[in-house]
Structures are given as C-alpha cells and as structure tokens.
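Order of the sequence lines fixes the chain letters, A, B, ..., with proteins taken first and strands second; residue numbering starts at 1 for each chain. All values reported here derive from a predicted model rather than from experimental measurement.
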There are 2 protein chains.
Amino acid sequence: MKILAEQKISEDSQADLARFAKALSHPTRLEILRLLSTQSCCFTGDLVEILPIAQSTVSQHLKELKIAGLIQGEIDPPKTKYCINQQNWQKAKLLFASFFE
Amino acid sequence: MKILAEQKISEDSQADLARFAKALSHPTRLEILRLLSTQSCCFTGDLVEILPIAQSTVSQHLKELKIAGLIQGEIDPPKTKYCINQQNWQKAKLLFASFFE
DNA sequence: AAAACAAATCGTACATTGGCGATGAACGAT
DNA sequence: ATCGTTCATCGCCAATGTACGATTTGTTTT
C-alpha cells in the first residue's frame, strides 16, 4: 500500500516535472520568468516593450506560464501585474533538483 | 567587452536551458532518463520492453535525447547501449539550479 | 455617452511534435 | 549467401505550438 502510494506520488511528480519543463522549453518564456524573478513583478506592457514579439504573443506565453502555475497575475486596472508564483516555483526547483540527484 | 561577452554567454545559456527543458518536457523522455540514471546503462530493447509504446517511438525519443546531448549511445552489435552524457547532465543540472537561483 | 487605454481572446497560417506500422541497414550466426 | 535480431529511419496523420493582426473586453477618463 505504502509502496503503491509512493509510486503514485512519483508518477505524479514526473508528470508535474514534464509540465514545468514544457513551460520552460521556450526562450521567450525563460526570458519572461527571468525578468519576473529579478524584478519582483512586471506589468504586461513592460514585457511587451522589452520582448521583440507582438503583444498578443506575449499574452499567450503569459497564459501558458499561468496555466503551468509558474506565475500569477493580478489585475490593477487598467493594467495587469504578473509575478512568480513562489509556491510552485519552489516546487519546480525541488523537482528539477531531485531529478538531477 | 567583458560585459558584452557575459551577456552573450547568458543568452546562449538561456538557449541551452530551453533546449534541455524541451528534452525533459515529455513524460516518456523523463522516464528514459530516470531509468538510465539509476541503472548506469540500458540497451534500447530493455527500454522498449519497459515502456508501453512502439519501438519506433522509443527510438525517436532516444534520438531527441541524443541530439539534446543528454544521452549518448554506443553500438555493441547487434545492440545499442545508451547512457547518460555526464558532462551535459551536469551542465543541465547547473543551468536549472542557477535559473531557480 | 464617448474616447482611450491595457490586455485578453479570436481566427488564421504555418511549423513542429508524437504516435504508429513498414521498411531499411548493420551485424552475427547458421 | 541467407536468415534472424536489433535498432534507426521513413512516410503518414492528427494534435499541438508559435506567431501575427484584428477584435473584444474591461476599466478609466473626458
């Protein structure tokens, strides 16, 4: 029972790790995360200015990062402010670290 | 000059990180890497037996992992033996660790 | 109510991925 | 030389990802 439960957890962790890795697998998303983790937060508009891609594309990458759980956005009308989701950021950090031993 | 060089290195590292993350973004590839890192090596056939997917698909994932530099294969006719590429494995480990601070 | 702004979403185009079966290539054994 | 084994590659397809411009949504200001 215990062993089965642990296997289940391990499988889930592997799926989680795959999802996090997928979120990190695009240079633009890495750049967004790097910007958000150095500055504590960013408005979408700031990112659009910095990144050499269209506003709609930035918005889409932000959406993916949000779905992956790595960032969170709060509306501060008329702007939206994004920051790292610290809880999942730590979780991802741990998952990667333990994957590499 | 030094600063520019460091920025270049940093950009390259980000691209490297994205490529590593992409290689890790599929559960099957994570499983392959996990198997290879616990046992020191594996024949393709062993992986095909363990994994619930077709031989050709396993072979394709192995190819991707090889291109990403995370594994290396040596032919031991008629079999092929795969193992972790330790150098790039360490590189990936460091890149992920420093990305998460 | 209208205009202005920020950001999300929609619709479209194209490239890439992930899966499979079938075929090909390399090699050892018969 | 043929056969069997092992693995890589090919061709195909559906599904997903990436990018864009255009439009919509939501809010503030005029």
Trainee: Between B/Asn88 and B/Gly69 (side chain of the first, backbone of the second, donor and acceptor by atom type, cut-off under 3.5 Å), is there such a pair?
Mentor: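 Yes.
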
Trainee: Any chance CD of A/Gln86 has more than 12 other-residue heavy atoms, nucleotides or ligands included, within less than 6.0 Å?
Mentor: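 Check passes, neighbour count above 12.
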
Trainee: How do A/Lys81 and A/Gln60 order along DNA chain C: which one's closest nucleotide is nearer the 5' end?
Mentor: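 Nearer the 5' end of the strand: A/Lys81.
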
Trainee: Salt bridge check: are B/Arg19 and B/Asp16 linked by an N-O gap of less than 4.0 Å?
Mentor: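 Yes, charged N to carboxylate O under 4.0 Å.
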
Trainee: I need the minimum non-hydrogen distance between B/Cys41 and B/Leu36, along with the two atoms involved.
Mentor: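 Looking at all heavy atoms of both residues, the shortest contact is C-CD2, 4.1 Å.
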
Trainee: Could you list all N or O pairs between the protein and nucleotides 28-30 of chain D that sit under 3.5 Å apart?
Mentor:
none

Trainee: Please compare A/His61 and B/Lys63 by the position of their nearest nucleotide in DNA chain D and report the one closer to 5'.
Mentor: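 On the 5' side of the pair lies B/Lys63.
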
Trainee: What distance separates B/Thr80 OG1 from B/Leu47 CG, expressed to the nearest 0.5 Å?
Mentor: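 Between B/Thr80 OG1 and B/Leu47 CG, I get 11.0 Å after rounding to 0.5 Å.
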
Trainee: Are more than 12 heavy atoms from other residues, nucleotides or ligands located less than 6.0 Å from atom CD of B/Gln39?
Mentor: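 Atom CD in B/Gln39 is crowded, with more than 12 foreign heavy atoms closer than 6.0 Å.
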
Trainee: Can you list the steps and then say if B/Leu51 with B/Glu31 is a side chain to side chain contact (heavy atoms under 4.5 Å, CB included)?
Mentor: CA-CA 9 Å; B/Leu51 301 168; B/Glu31 181 66 10; 3.7 Å; yes

Trainee: Side-chain contact test, heavy atoms from C-beta onward, threshold under 4.5 Å: evaluate it for B/His61 versus B/Ile53 and give yes or no.
Mentor: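 Touching, per the 4.5 Å side-chain cut-off.
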
Trainee: What does A/Thr80 touch in the nucleic acid at a heavy-atom separation under 4.0 angstrom: a base, only the sugar-phosphate, or nothing?
Mentor: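 Sugar-phosphate, backbone atoms only, no base.
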
Trainee: Go through DNA chain C in 5' to 3' direction and return only the first and the last nucleotide with some atom under 4.0 Å of chain A's heavy atoms.
Mentor: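 The protein-touched segment is C/dA6 to C/dT9.
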
Trainee: Any link between A/Val48 and A/Ile50 through a network of hydrophobic side chains (Ile, Leu, Val, Met, Phe, Trp, Tyr) touching at under 4.5 Å?
Mentor: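 Both belong to a single hydrophobic cluster.
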
Trainee: Under a 4.0 Å heavy-atom cut-off, which of residues 36-58 of chain B touch DNA chain C?
Mentor: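 Listed by number, they are B/Ile53, B/Ala54, B/Ser56, B/Thr57.
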
Trainee: I want to confirm an ordering. Mapping B/Thr28 and A/Tyr82 to their closest nucleotides on DNA chain C, which one lands closer to the 5' end?
Mentor: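 Per heavy-atom nearest nucleotide, the more 5' residue is A/Tyr82.
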
Trainee: Tell me the closest heavy-atom pair linking A/Phe20 and A/Ala68, and the distance in Å.
Mentor: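 Smallest heavy-atom distance, with atoms named: CE2-O, 3.4 Å.
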
Trainee: Taking 4.0 Å as the cut-off, does a side-chain nitrogen or oxygen of A/Lys22 come that near to OP1 or OP2 on D/dG17?
Mentor: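 Answer is yes, contact under 4.0 Å.
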
Trainee: For a quick test of reading the model, state the closest non-hydrogen atom pair linking A/Lys93 to B/Glu101 and the distance between them.
Mentor: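 Looking at all heavy atoms of both residues, the shortest contact is NZ-O, 4.0 Å.
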
Trainee: Given atom NZ of B/Lys79 and atom P of D/dG4, what is their separation to the nearest angstrom?
Mentor: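 One finds 18 Å between P of D/dG4 and NZ of B/Lys79, rounded.
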
